[in-house]
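In what follows, residues are counted from 1 in the order of the sequence shown.
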Amino acid sequence: MNANEPREQGAGGWSQFGATPPAAGGFPRRDTIAMEVPAPAPPPPPPPSGKHRLTAAQKAIAGLALAAMAVGGGVVGAVAATSFQPEPIAGSSPSSPSPVFKSASDQLTVADVAAKVQPSVVMIQGRTGEGSGVVLSEDGLILTNNHVVVGAGQGGQMTVKFSDGKTAKASVVGTDPATDLGVIRAEGVSGLTKATLGDSDQLRVGDPVLAIGSPLGLDGSVTAGIISALDRTLNLGDDQPQVPPGWGEQQQSAPTTIGGAIQTDASINPGNSGGALVNAAGQLVGINTAIASQAAGGGVGFAIPVNTAKQVADQLISTGKVTHAFLGVSVTDATGDVPGALIRQITAGSPAEQAGLKEGDLITKIGDKAVDGGDTVVGQVRGFKPGQEVKITYMRDGTTHEVNVTLSENK
C-alpha cells in the first residue's frame, strides 16, 4: 500500500462502527454513531513507553460525525457541563509550559474558561446531520472536520449556529480528506469571536482540557478531562455502517489514517466532531475528531493537534487545497519478532527508491518515532512537509541501516 494512502485493515483493525446497529427509532438519524463492539481479550502487560499504537482489540473507532438535530422530542440548545472539584481555576507558572488548574481566588475558573471559549465554537447544521466548528476569523472562516462538511453539505446549503443563537448560511472553502479537516465560511457576518490558538507541541499527558461542541445536537456543551496520551495513530472509516430499515442512504466515507492524534478522557460524542479541545487557559489545542468505544454514547476521545490543523487550514484558505509529503512505499505490518512495517512495493522514481530502500526492508523507525506497524508509517509521513528530509531506520538481512530521505510532494 502507498504510504500516503490508508492501509487496508483486517478484522482486528480500527473500525468506524461496531457489530450491532442501533434499533430504528432509538435515536434520531446520525451520520456517525459509536456502537457496541465485542469485549476485547485481556490486554498484555503495558510496554515501558507511554506512546504507542493501540492494539487491534482496542481499535473500535467512530468518527464523530453528525448528530441529529433533535434528541428526545426536540431538545436543542441545552448546555452540559462537567465540573472540576472544588472550583478549580486556570493558572500557569514559568516552570510549566502548559497552563494548569490551580486553587486560587483571582484566576479564571473552569466556568470562566468555558464562557471565554463558547463564542468561538459553532454548530454546523445540514439537511442530513450536524457537527461542530471553531471560528478562525472575525469575518466567518470556520475550521471543522472534513466528514462534518461532507455530511452536513449533502443535499443543500449548510447553516452555522452561533453561541448567541444567531444563524448564517455557510459555504465550503476547502477540505482535506487525508487529515479529515475542512474550512467553511459563514456568509454575511462580522465581528465574530475567533479562537485563541495554543501550541499542541507543548501538551503533556495529564494536562487538563475542556471539550466544547454540539454532541447529539446539544449545542454549547462543555465536558472536562485530561490529556490521556499523545501521538496516537488512528485509522478512520475502514468499515461502513449497517443502516436500519427506514433510515435512508448513509454517506460512504473513505478510510484515512491520522498520525500524532491527542487522546483525552473528556467526554465527547457524535456531534462533537470539529469542535474545540482547549487547555486551562482557553487556548485551542485540538479539533475533536473521533472516539473509540465499546458502548454506545461515548468512550475515549481523539483530537487532531492544533499545530497540524493550523498548517492545513492555512493552505485551504490560501489555495483551497493541501499538499502532502510522498515517500513512495507500500507497507504492511511485520509478522516476525521485530515490530515494524514491511515494504511490499516501491514506486519507481520515488524518494524511497532514490534513497536506496528496497522491497523486503523492514522500517523500524521514522525520525525518533518507533514504527510498530504500517499505519505508523502512513501517519508519520502525513505529518511531514514536501521537501523535508527524514531519517528512516530499517532492517535488511538482519542488519540495521539508516538513510536520510527527502520527501517529495504527493500528486
Q: Please check if any side-chain donor atom of Thr289 sits under 3.5 Å from a side-chain acceptor atom of Asp180, or the reverse.
A: no

Q: Okay, side chain of Thr376, backbone of Val371: is any donor-acceptor separation there less than 3.5 Å?
A: no

Q: Nearest 0.5 angstrom please: Ser318 OG to Leu316 CG, how far?
A: 8.0 Å

Q: Under the side-chain hydrogen bond (donor to acceptor under 3.5 Å, both in side chains) criterion, do Glu138 and Ser190 qualify, and how do the steps go?
A: CA-CA 6 Å; Glu138 296 180 357; Ser190 62; over 6 Å; no

Q: Does either side chain, that of Gln388 or that of Thr406, offer a donor lying less than 3.5 Å from an acceptor on the other one?
A: no

Q: Where do Gly260 and Pro305 come nearest, in terms of heavy atoms and distance?
A: O-CG, 3.0 Å

Q: With a 3.5 Å distance limit and no angle check, can you tell me whether Asn279 reaches the backbone of Gly282 through a side-chain donor-acceptor pair?
A: yes

Q: Is the backbone N or O of Gly340 less than 3.5 Å from a side-chain atom of Asp372, with the two atoms forming a donor-acceptor pair by type?
A: no

Q: Do Leu197 and Gln283 make a side-chain contact, defined as non-hydrogen atoms from C-beta onward lying under 4.5 Å apart?
A: no

Q: How close do Thr308 and Leu181 get, heavy atom to heavy atom, and via which atoms?
A: O-CD1, 4.4 Å

Q: Keeping the roles fixed (side chain from Ser228, backbone from Asp265), state whether a donor-acceptor pair exists under 3.5 Å.
A: yes

Q: Please give me the minimum heavy-atom distance between Ile262 and Gly286, naming the atom from each residue.
A: CD1-CA, 4.4 Å

Q: Mind checking the CG-CD spacing from Asp375 to Gln380? Nearest 0.5 Å is all I need.
A: 10.5 Å

Q: Quick check: does any side chain N or O of Asn145 sit under 3.5 Å from a backbone N or O of Gly274, one acting as donor and the other as acceptor?
A: yes

Q: Out of curiosity, Leu143 CG to Ser137 OG, how far, rounded to the nearest 0.5 Å?
A: 11.0 Å

Q: Check whether more than 12 heavy atoms from other residues, nucleotides or ligands sit under 6.0 Å from atom CG of Asp368, and answer yes or no.
A: no

Q: With a 4.5 Å cut-off on side-chain heavy atoms, are Phe326 and Thr347 touching?
A: yes

Q: Should Met395 and Asp361 count as side-chain neighbours, where that means a heavy-atom distance under 4.5 Å?
A: no

Q: Before you tell me yes or no, could you show the steps for Met158 and Ile184 under side-chain contact (heavy atoms from CB on, under 4.5 Å), namely the whole-Å CA-CA distance, both residues' side-chain angles and the distance that decides it to 0.1 Å?
A: CA-CA 9 Å; Met158 288 178 291; Ile184 63 175; 3.8 Å; yes

Q: State, with a plain yes or no, whether a side-chain heavy atom of Val121 is found less than 4.5 Å away from one of Val135.
A: no

Q: Is any side-chain heavy atom of Val322 closer than 4.5 Å to a side-chain heavy atom of His324?
A: yes

Q: Are the charged groups of Lys116 and Asp112 less than 4.0 angstrom apart, N to O?
A: no

Q: Which pair of heavy atoms, one from Pro270 and one from Ile291, lies closest together, and at what distance?
A: CD-CD1, 4.4 Å

Q: Would you indicate whether the side-chain heavy atoms of Arg185 and Ile142 approach each other to under 4.5 Å?
A: no

Q: To the nearest 0.5 Å, what is the distance between CG (Leu136) and CG (Asp139)?
A: 10.0 Å

Q: Please answer whether the main-chain N or O of Thr323 pairs with a side-chain N or O of Gln315 as donor and acceptor at a distance below 3.5 Å.
A: yes

Q: Does Gln263 reach the main-chain N or O of Arg232 with its side chain, forming a donor-acceptor pair under 3.5 Å?
A: no

Q: Can you tell me how far CG of Leu203 sits from CG of Asp231, rounded to the nearest 0.5 angstrom?
A: 12.0 Å

Q: Which pair of heavy atoms, one from Ser132 and one from Ile124, lies closest together, and at what distance?
A: O-CD1, 3.4 Å

Q: Taking atom types as modelled, is there a side-chain donor on Asn307 or Asp201 under 3.5 Å from an acceptor on the other?
A: yes

Q: Return the minimal non-hydrogen interatomic distance between Thr393 and Glu402, and the atom names on each side.
A: OG1-CG, 3.7 Å

Q: Is a side-chain donor or acceptor of Ser120 paired with a backbone partner of Thr193 at a separation under 3.5 angstrom?
A: yes

Q: Do Glu130 and Met123 have side-chain heavy atoms sitting under 4.5 Å apart?
A: yes

Q: Does the side-chain contact (heavy atoms from CB on, under 4.5 Å) test come out yes or no for Leu327 and Leu407, once each step is laid out?
A: CA-CA 6 Å; Leu327 177 60; Leu407 302 175; 3.9 Å; yes

Q: Within this structure, what is the CD1-OG1 distance for the pair Ile287 and Thr144, rounded to the nearest 0.5 Å?
A: 7.5 Å

Q: Hey, is the main chain of Thr175 close enough, under 3.5 Å, to the side chain of Asn146 for a donor-acceptor pair?
A: no

Q: Show the numbers, then the answer: is there a side-chain contact (heavy atoms from CB on, under 4.5 Å) between Gln345 and Val329?
A: CA-CA 6 Å; Gln345 185 177 358; Val329 297; over 6 Å; no

Q: Do the side chains of Asp176 and Lys321 get close enough for a salt bridge, i.e. N-O under 4.0 angstrom?
A: no

Q: Does Asn269 offer a backbone N or O that forms a donor-acceptor pair with the side chain of Asn272 under 3.5 Å?
A: yes

Q: If you apply the rule side-chain contact (heavy atoms from CB on, under 4.5 Å), what do you find for Ile317 with Leu141, and how did you get there?
A: CA-CA 9 Å; Ile317 293 169; Leu141 288 172; 3.8 Å; yes

Q: I want to check something: taking the side chain as every heavy atom from C-beta on, are Ile392 and Lys365 in contact at a cut-off of under 4.5 Å?
A: no

